[in-house]
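When a ligand or atom number is given, it counts from 1 through the structure's own listing order.
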Amino acid sequence: MRLAETPCENPRFFAHGIKQMPARIIDGKAIAQQIRDDLAARIAAVREGLGRSPHLAIAIVGDDPASHVYVRNKLRTAEDSGMGVTLETLPGDSTLDETLAVVERFNMSAQIDGILVQSPLPAGMGRNAAQRVFDTIDPGKDVDGFSPISAGHLSQKRSGFAPCTPAGIIEMLDRERLAIEGARAVVIGRSDIVGKPMAMLLMHRNATVTVCHSRTRDLPGVAREADILVAAIGRAGLVTQDFVKPGAVVIDVGMNRVTDADEARQLLASQPKRLKLFERRGSVLVGDVHPNVAETAGALTPVPGGVGPLTIAMLMANTVRAAELRLSG
Ligand code: NAP
């Protein structure tokens, strides 16, 4: 039996003249849990071999509330998975040198397998601060996959750490048995942490990949070519139905906090519960994909509960792998 299925091979997706079924909503939380469950035996083996659990160290600079929420989620997931954690919190007026000193300390520690410095760094550290930090992280501990060594390894399809968000998306496509090979993939966004590595990973899996950005001409027309459409833009609801070929797999990476009531009403018209949440809290998290794309796509990741949990699960997977590499010498 052939398990993989591309949108173009499933007659449901191209039922011309017949009312399109709503997209299958992919449960990122459940897939993330499967990934973590699959790590349990490997974590136990590391514990036996090294005499300690795989260990993730995170540094955060400043008091950006969203960043602190992300860091708490990562630490809680690591602890729930039976891993060791270290958190170093630096004040917002710390210098780049002070931050690099923390990274160096993490690099030197034989107790630490994976290092993550939460982005964004305070603007006061200068334009190249993040790059300097990524340059300093030991590539053997670069579980975020942002160092130039990791990026080079990925580009050359060599073994190394791939950035967690695109790696999680590939894992999700595989676990959902959505075929990548031969598919037309369009990635909107060309950042170093999502768009570029996403395109690279899809290409390595034999998709035919187009990368779009803010200067792309006829973005909806290019996007409509896609069997697999990845939106990593940072613009709430930018990807509307006219961007989507019927039956396409649509992956929504965007995480945008909407505080404007009209915008929230427009985006959440079909989601009364979430609109109520907005009315209570005054803000809501939405993706780059307009919710009404569910009427056109074959499969769609929700925000929240789609790509976000997968990103954290892959951070755990990369940290376990870093510990295994230490174990194997
Ligand atoms: P980024 O560095 O700001 O990159 C955004 C990309 O989108 C750029 O390449 C930009 O083009 C492109 N873009 C912006 N406006 C556009 C437009 N109107 N039309 C076409 N392309 C446009 O952002 P990022 O770090 O890649 O993150 C993207 C989104 O993903 C954000 O919402 C972020 O919060 C979210 N995110 C989520 C996760 C997760 O775990 N779920 C992880 C990482 C990021 P140019 O290059 O031409 O400027």
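At least one donor-acceptor pair under 3.5 Å links the side chain of Asp252 to the backbone N or O of Gly254.
When non-hydrogen atoms are compared, ligand 1 lies under 4.0 Å from the backbone of Val253 as well as from its side chain. Proximity of Leu219 to ligand 1, defined as any heavy-atom pair under 4.0 Å, is confined to the side chain (atoms from C-beta onward).
Remark: distances from the non-hydrogen atoms of Thr216 to ligand 1 are all 4.0 Å or more. Close to ligand 1: Ala232, with a non-hydrogen atom less than 4.0 angstrom away. Look at Cys212 and you'll find every heavy atom at least 4.0 Å from all atoms of ligand 1.
For ligand 1, the polar-atom distance check against Thr311 finds a nitrogen or oxygen pair separated by under 3.5 Å. Remark: ligand 1 and Asp288 share no N or O pair separated by less than 3.5 Å (distance only, no angle test). Close N/O approach between Met255 and ligand 1 is found [any backbone or side-chain N/O within under 3.5 Å].
His55 and Thr86 are linked by a side-chain donor-acceptor pair at a separation below 3.5 angstrom, with hydrogens and angles left out of the test. Of the N and O atoms on the side chains of Thr296 and Gln241, at least one donor lies less than 3.5 Å from an acceptor on the other residue.
At least one test fails for Arg224 against the ring of Phe243: distance under 6.0 Å to the centre or angle within 45° of the axis.
For atom 2 (O) of ligand 1, the closest non-hydrogen atom on the protein side is Ser191 CB, 3.3 Å. Here the protein heavy atom with the shortest distance to atom 25 (O) of ligand 1 is Ile193 CD1, 3.5 Å.
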Q: Show your reasoning for whether side-chain hydrogen bond (donor to acceptor under 3.5 Å, both in side chains) applies to Asp242 and Thr240.
A: CA-CA 6 Å; Asp242 57 328; Thr240 46; 2.4 Å; yes
